[in-house]
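The block underneath contains the structure these notes are about, expressed in structure tokens.
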Amino acid sequence: MSPAPAPAGAELTLDAVRLGHPDGAAIPGTVTLSIPPGELLAVVGPSGCGKSTLLRTLAGLLPPREGTVRQDGQPIDRPAADRALVFQHDALLPWRTVRANVELPLAIRRVPRAERRRSAADWLDRVGLAGHAHKLPHQLSGGQRQRVQLARALAGRPRAVLMDEPFGALDAHTRAGMQDLLVEILRGTGATVVFVTHDVDEALHLGDRVLRLGSGQVMGVPHPRERDARTAPGTEEARRRILESL
């Protein structure tokens, strides 16, 4: 039984936002940006420019040093169930089975057990891990654990998914497979995605737009999610412009 369609994606806006931890120095520059519902925004930039801090601010885990962050016009001032974070390191609970990890966001929301199990089974099937439900995380490969983390994030039917270099620790072959899986799964969910990466080619493959955080510039992607467009003239020009700005 497939889960009900996800709600429409969230609109995320940043108005003259200065990023930084409350007990540390603010990151130079401000960000003014609107991310429309259903967009996949890739974020690149040099180390220390605030990419991970941006995600935590959008998640409601960190307040902006200045400016306002909003979801659908309402200020973001705390975490919410309809915004999911996905990390580079899978952050699975090692003592819970694969199925129990996927069920976790539903259990927190007190979804009935039978419904949780149906949803977890469906998502594990969608990420190709239907036969691994009773395993513990340490029994899986790195790519498989990332599939579990993706299933866990999406099982809660979030309206925004905030991804912090989720494929950065994977080998090239597994990474490409995870990119294709992400594209396949997100198609039709309606979720808004903010995807942080150090890999310019990954940003140009996955994103509808790319935010170059150090400069605050946003550029459109000529051929989003078209695997054979890597060498297209428009993609090569976009790659050159991003690399020159980093």
Side-chain angles (χ1 to χ4, degrees), residues 3-15 17-22 27 31-43 50-65 67-93 101-111 116 119-120 123 126-127 146-168 178 182-183 185-197 203 206-209 211 213 218:
E11 180 183 32
L12 303 173
T13 58
L14 300 97
D15 185 9
V17 167
R18 188 179 300 277
L19 302 168
H21 291 263
I27 294 170
V31 182
T32 296
L33 177 68
S34 177
I35 308 169
E39 179 175 75
L40 197 160
L41 177 75
V43 181
K51 299 186 295 296
S52 295
T53 305
L54 170 66
L55 290 189
R56 283 156 177 75
T57 301
L58 287 169
L61 296 171
L62 281 176
R65 295 292 293 266
T68 307
V69 183
R70 294 184 175 88
Q71 177 177 318
D72 301 323
Q74 300 300 313
I76 295 175
D77 56 10
R78 68 192 67 185
D82 63 356
R83 295 189 301 274
L85 265 172
V86 179
F87 301 98
Q88 178 175 350
H89 301 290
D90 55 71
L92 300 176
L93 299 180
N101 267 285
V102 175
E103 287 183 14
L104 184 60
L106 303 175
I108 291 172
R109 288 159 50 184
R110 300 184 183 277
V111 173
R116 295 200 312 262
S119 180
W123 278 105
R126 294 177 74 176
V127 301
Q146 284 299 80
R147 287 171 178 254
V148 177
Q149 183 176 208
L150 183 60
R152 182 177 66 182
L154 296 176
R157 302 172 64 230
R159 300 180 59 228
V161 184
L162 311 170
M163 310 187 77
D164 194 358
E165 296 190 73
F167 310 146
M178 286 299 300
L182 177 65
V183 170
I185 287 179
L186 288 177
R187 186 180 294 119
T189 69
T192 304
V193 180
V194 182
F195 188 102
V196 164
T197 179
L206 291 175
D208 295 296
R209 293 186 297 164
L211 167 64
L213 190 56
V218 182

Any donor and acceptor pair, going by atom type alone, linking the side chain of [X] with main-chain N or O of [Y] inside 3.5 Å?
X    : Y   : value
T192 : G38 : yes
R70  : T13 : no
R159 : A8  : yes

Are [X] and [Y] packed together at the side-chain level, in the sense that at least one heavy-atom pair is separated by less than 4.5 angstrom?
X    : Y    : value
D77  : P63  : no
W123 : I185 : yes
L154 : V127 : no

Q146/Q149 under side chain to side chain donor-acceptor pair (under 3.5 Å): CA gap, chis, key distance, verdict: CA-CA 5 Å; Q146 284 299 80; Q149 183 176 208; 2.8 Å; yes

Run the side chain to side chain donor-acceptor pair (under 3.5 Å) test against D15 and tell me which residues pass, sequence neighbours left out.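 In terms of side chain to side chain donor-acceptor pair (under 3.5 Å), with neighbours along the sequence ignored, D15 is linked to no residue.
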
Could you pull out all residues at least two apart from E39 that satisfy side chain to side chain donor-acceptor pair (under 3.5 Å)?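 Residues passing side chain to side chain donor-acceptor pair (under 3.5 Å) with E39: R209.
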
Just to verify, which of K51, Q88, R56 counts as forming a side chain to side chain donor-acceptor pair (under 3.5 Å) with D164? R56

Name the residue from T68, I76, L54 that meets the side-chain contact (heavy atoms from CB on, under 4.5 Å) definition with L14.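 Single pass found, and it is L54.
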
Given side-chain contact (heavy atoms from CB on, under 4.5 Å), test L41 with L33 step by step and report yes or no. CA-CA 11 Å; L41 177 75; L33 177 68; 3.6 Å; yes

Verdict with supporting geometry, L58 and V194, side-chain contact (heavy atoms from CB on, under 4.5 Å): CA-CA 9 Å; L58 287 169; V194 182; 4.1 Å; yes

